[in-house]
Amino acid sequence: MTDEQMNRNAHCTALVGAFLQNWALMEAELNEAVAKALDLDGLQSAILLTNIQLRDKIHILRTAVDIAPISPDSEKERFDKVLCRISDYSST
């Protein structure tokens with residue numbers, strides 16, 4: 001393997017690692033948002049959130065956003081769009 005190939009492989013590995021790290025951070029924020037929306041304590045959130053899939057967390061948060069007293073409505077729409085985009089990326 002040439003130096004150039006090794007550099008490209010290392011770069012690709014770094015990009016995949018960065019993607020996975022950022023995804024994990026995003027999912028941790030989703031977990032925190034679900035726990036806050038449902039007023040869960042530490043033990044409750046640890047039990048619940050380790051046992052439900054990302055899809056379900058997004059559905060819970062979309063419902064919470066929908067029923068929350070958020071004003072203006074454009075903010076609700078913005079939050080919902082972000083959650084939908086996360087859902088779209090989940091298959092990646």
Side-chain angles (χ1 to χ4, degrees):
M1 186 177 292
T2 68
D3 284 346
E4 183 180 336
Q5 288 171 324
M6 288 176 59
N7 285 340
R8 275 190 277 155
N9 286 343
H11 182 69
C12 288
T13 301
L15 290 173
V16 169
F19 175 83
L20 293 174
Q21 181 181 27
N22 284 311
W23 189 264
L25 292 171
M26 179 275 307
E27 193 162 359
E29 292 294 326
L30 280 180
N31 288 345
E32 189 174 324
V34 170
K36 189 173 233 180
L38 299 179
D39 198 27
L40 302 176
D41 66 29
L43 180 60
Q44 292 168 332
S45 63
I47 292 168
L48 178 69
L49 297 170
T50 56
N51 287 291
I52 61 173
Q53 295 180 1
L54 178 73
R55 175 196 71 232
D56 301 319
K57 295 173 190 179
I58 291 171
H59 287 294
I60 290 167
L61 286 173
R62 289 186 71 203
T63 301
V65 166
D66 187 50
I67 65 172
I70 299 171
S71 186
D73 282 342
S74 61
E75 281 298 288
K76 279 188 176 190
E77 291 172 13
R78 186 174 68 84
F79 293 144
D80 190 61
K81 283 181 184 177
V82 168
L83 292 167
C84 287
R85 287 180 60 208
I86 292 169
S87 182
D88 292 343
Y89 278 107
S90 67
S91 62
T92 303

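Heads up: numbering here begins at 1 and tracks the sequence. No experiment lies behind these values; they were computed from the predicted model shown.
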Query raised in the report: Can Ser74 and Phe79 be said to form a side chain to side chain contact (heavy atoms under 4.5 Å, CB included), step by step?
Result: CA-CA 9 Å; Ser74 61; Phe79 293 144; over 6 Å; no
Report task. Locate the shortest heavy-atom distance separating Ser87 from Ser90; write the atom from each residue and the value. Result -> O-OG, 2.7 Å
**Report entry** Glu4/Arg8 ion pair, N-O < 4.0 Å
**Finding:** yes
Which pairs would a plain distance check flag for residues 56-64, meaning a side-chain donor or acceptor within less than 3.5 Å of a matching protein atom at least two apart in sequence or in another chain?
| residue | atom | partner | partner atom | Å |
| --- | --- | --- | --- | --- |
| Lys57 | NZ | Glu27 | OE2 | 3.2 |
| Lys57 | NZ | Asn31 | OD1 | 2.7 |
| Lys57 | NZ | Leu49 | O | 3.3 |
| Arg62 | NE | Asp80 | OD1 | 2.5 |
| Arg62 | NH2 | Asp80 | OD1 | 3.2 |
| Arg62 | NH2 | Asp80 | OD2 | 3.1 |
| Thr63 | OG1 | His59 | O | 3.0 |

**Report entry** Non-neighbouring partners of Asp41 that pass side-chain contact (heavy atoms from CB on, under 4.5 Å), sequence neighbours left out
**Finding:** Leu43, Gln44
Query raised in the report: Does some side-chain heavy atom of Leu40 sit less than 4.5 Å from a side-chain heavy atom of Ile47?
Result: no
Report task. Kindly say whether Ala46 contributes a backbone atom to a donor-acceptor pair with the side chain of Thr50 at under 3.5 angstrom? Result -> yes
Requested in this report: Could you walk me through whether Lys36 and Glu32 pass the salt bridge (charged side-chain N to carboxylate O under 4.0 Å, His left out) test, one step at a time?
Outcome: CA-CA 6 Å; Lys36 189 173 233 180; Glu32 189 174 324; 5.7 Å; no
Requested in this report: Check the pair Leu38 / Leu48 against side chain to side chain contact (heavy atoms under 4.5 Å, CB included), numbers first and verdict last.
Outcome: CA-CA 11 Å; Leu38 299 179; Leu48 178 69; 4.2 Å; yes
Requested in this report: May I ask you to decide if Asp66's main-chain N or O and Lys76's side chain share a donor-acceptor pair within less than 3.5 Å?
Outcome: yes
Query - Residue Tyr89 excluded, over 12 heavy atoms near OH under 6.0 Å - result: no
Query raised in the report: Could you give all pairs that pass the side chain to side chain donor-acceptor pair (under 3.5 Å) test and reach residues 9-19, with sequence neighbours left out?
Result: none
**Report entry** Rounded distance [0.5 Å steps], CG in Leu83 versus CG in Leu30
**Finding:** 6.5 Å
